[in-house]
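Everything on this sheet refers to the single structure shown next.
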Amino acid sequence: MTPERWEATNRYTRDLFGPDDDHLAGLAADAADAGLPEIAVSHDVGRLIRILTMMTPAKLAVEVGTLGGYSGTWIARGLAPDGRLITIEAEEKHANFARDHFDAAGFADQVEVRHGPGIEVLSKLADEVGEASVDVGFVDANKDDYPTYFQLMKPLIKPGGLFIADNVLGSGNRWIDDLSHPQIAATDEMTRAVVADPNFDAVVLSVREGVLVARRHT
Ligand SMILES: C[S@@+](CC[C@H](N)C(=O)[O-])C[C@H]1O[C@@H](n2cnc3c(N)ncnc32)[C@H](O)[C@@H]1O
């Protein structure tokens, strides 16, 4: 793989599927206008998490790292008809933007945005939803807390459910070959914990910045 081939590969998949539909494109444009950072998952990661959510199939999904709701929209589109998504966001501005967006897009009954630090909100969620109740857990927030996010989500995931994490190979210009970087070291620590966990079957997909998909089998 050369940088040129990486570019061509990404161009190919983008061309293959065409631009985002009006809803997703409008969301991305509104988020940029509102000053939200342009760090949402790519369209192919969005497609992936929607398909995985559909396959589970998911009645309850939990996301850490809402931003403007781009990945949450892909997850919401994959939920079972009576399914719901709880998405957690630490920045009030991001949480409010996403909440308004989900409500305007008709997801008010299915998607709930919870404002607060992921660790705090996830810890409370455990009491509320109970163990083995979550079909899909998706993590795409601050990397330092990735190991804790897995530890907190692990008991919540149902047997047959999925734990998914973005950025397990890198983030921007920091990559997995530089473990001296604390955020890379944290994602590595989480990935190794998932791989070593006898209750999960895991794979790392080298889509964009790397997506970990792990299925809880017991
Ligand atoms: C990469 S963005 C999420 C992108 C989103 N998943 C998407 O694809 O549309 C990371 C988000 O995590 C949020 N975040 C950062 N630290 C957090 C924390 N401790 N708890 C929850 N969210 C956090 C950031 O404010 C940001 O909105």
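Read the numbers this way: they start at 1 and go in the same order the structure lists the ligands and their atoms. All of these numbers come straight from a predicted model, not from anything done at the bench.
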Less than 4.0 Å from some atom of ligand 1, heavy atoms are found in residues Ile39, Ala40, Val41, Glu63, Gly65, Thr66, Leu67, Tyr70, Ser71, Glu89, Ala90, Glu91, His94, Gly116, Pro117, Gly118, Asp140, Ala141, Asn142, Tyr149
From the list Leu24, Leu85, Val111, side chain to side chain contact (heavy atoms under 4.5 Å, CB included) with Thr73 holds only for Leu24
Given the options Leu169, Val204, Thr191, Ile176 meets side chain to side chain contact (heavy atoms under 4.5 Å, CB included) only with Leu169
The reported gap from CG in Asp166 to OG1 in Thr187 (rounded to nearest 0.5 angstrom) is 10.5 Å
Here the gap from Met153 atom CE to Leu125 atom CG, rounded to the nearest 0.5 Å, amounts to 8.0 Å
Presence of salt bridge, Arg192 and Asp197, under 4.0 angstrom:
no
Excluding Val195, membership of its hydrophobic cluster (Ile, Leu, Val, Met, Phe, Trp, Tyr; side-chain heavy atoms within less than 4.5 Å) reads none
